Amino acid sequence: MEEMLRKKVMLSGIKPSGDLTLGSYLGAVRHWAARAEEFDCYYFMADMHAITVRQDPAVLRRRTLEQLAQYIACGLNPEKNTLFIQSHVHQHAELGWVLNCYSMFGELSRMTQFKDKSAKNVDNINGGLFTYPSLMAADILLYQPDYVPVGEDQKQHVELTRNIVQRFNGIYGDVFKMPEPYIPKVGARIMSLTNPASKMSKSEDQDTGRVTLMDDPTLIMKQFKRAITDSDTQRCVRYDPEEKPGVANLMTIYAAVTGKSYQEIEAEFDGQGYGMFKPAVGEAVVEVLRPIRDEAQRILKDKAYLESVYRNGAEKASYAAERTLRKVYKKIGFISQ
Ligand code: TRP
């Protein structure tokens, strides 16, 4: 009966290690906002994950609050979604430790994100970077979600979480619900405007091909005008991710913000070349981001409101998380107090 009445649960998080980008919005937060009625949703600022790479404390603080304001501005209503800051819910660290003991050295060593990040931070290959996926498994499993919306780059971590579930449940019975990764089709992967071979990254300050949610319209237009296309002499706007990855990325963005299909876009710019196309994409993006930026700036000034949102969120999250943690502690043989 409880199962029948229970709404399906969805959970995701983003590290406040960089400013949210157009890619974060189109690939993630926009889809989350559309799910609030159908699912019981938990979204958090993964500040504990952010410190696996050295952060400036003041910047981390600013970005965490900014990210919360942006979540709300992107349409995540705090009345309908549980929005919280990871470090406010102590059960994450606690279950994270337990799950460390059920994550194998070998499987953690195979994580591509660990390999990439250790190659980029050779002077700080810390234990947290290595056990990151166990903490992420804890983030997920505390809430017993059905779906975990993530980008392609996080799928391997969700797979590892599934292995942990199998291992743990195999020993102790049905403790954790098996989560499914959920990868949106449209706009799932927005690439850098200057390097269409790599994802538009929020963490890399060097990525000149990125548009953040707080960028002003002039900067956004500049970024789109100098977006990389290709050397096609016809300058033809055609969807071909293999041959024309830059143009395909711009078309993906344009399709995502206008709702038009690739065929419609090809017809719209037929014979017009890139000179017309690039600023048109820029303008469409400016119009979509304008209300988000205005609203986020307004919310950010209202510290009391932000505080009430993250306090309520932590309280709700903690209630759900505690239920799972108690069950786990009991199963593994800890004395209950
Ligand atoms: N690892 C994710 C990222 O880098 C953030 C994250 C942490 C997350 N815990 C999570 C995502 C749990 C989904 C579910 O963006």
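Below, all heavy atoms of this structure are taken into account, side chains as well, without hydrogens, waters or symmetry copies. Indexing begins at 1, ligand by ligand and atom by atom, following the structure's order. Computed from a prediction, not measured in an experiment: that's the story for all the values here.
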(request) Taking only heavy atoms of V148 into account, list the atoms of ligand 1 that are under 4.0 Å away from them. (result) 13 (C), 14 (C)
(request) Go through ligand 1 atom by atom and flag the ones less than 4.0 Å from a non-hydrogen atom of Y132. (result) 1 (N), 2 (C), 3 (C), 4 (O)
(message) For a quick check under 3.5 Å, do Q91 and S318 share a side-chain donor-acceptor pair by atom type?
(response) yes
(request) Report the relative orientation of the aromatic rings in F269 and F277; use parallel for angles under 30°, tilted for 30 to 60°, perpendicular for over 60°. (result) perpendicular
(message) Using a strict threshold of under 4.0 Å (side-chain N to carboxylate O), is an ion pair present between D123 and R54?
(response) no
(message) Taking atom CD as the centre, does E180 end up with more than 12 heavy-atom neighbours from other residues, nucleotides or ligands that are less than 6.0 angstrom away?
(response) yes
(request) Evaluate whether atom CD1 of I125 has more than 12 neighbouring non-hydrogen atoms of other residues, nucleotides or ligands under 6.0 angstrom away. (result) yes
(message) Heavy-atom pairs closer than 4.0 Å: do any link ligand 1 to the side chain of Q86, the backbone, both, or neither?
(response) neither
(message) Just to confirm my output: which protein heavy-atom neighbour is closest to atom 9 (N) of ligand 1, and how far is it?
(response) D139 OD2, 2.6 Å
(request) For ligand 1, note which part of Y143 has a heavy atom under 4.0 Å away: side chain, backbone, both or neither. (result) neither
(request) Could you tell me whether V150 approaches ligand 1 through its side chain, its backbone, both or neither, with non-hydrogen atoms closer than 4.0 Å? (result) side chain
(message) Taking atom CE as the centre, does M104 end up with more than 12 heavy-atom neighbours from other residues, nucleotides or ligands that are less than 6.0 angstrom away?
(response) yes
(message) What protein heavy atom lies closest to atom 5 (C) of ligand 1? Include the residue and the distance to one decimal.
(response) G13 O, 3.5 Å
(message) If the test is ring pair (Phe, Tyr, Trp, His ring centres under 6.0 Å), which one of Y143, W32, Y71 qualifies with Y42?
(response) Y143
(request) Quick one: look at I140 and ligand 1, take heavy-atom pairs under 4.0 Å, and tell me if it's side chain, backbone, both or neither. (result) side chain
(request) Give the residue, atom name and distance (to 0.1 Å) of the protein heavy atom nearest atom 4 (O) of ligand 1. (result) K15 NZ, 2.6 Å
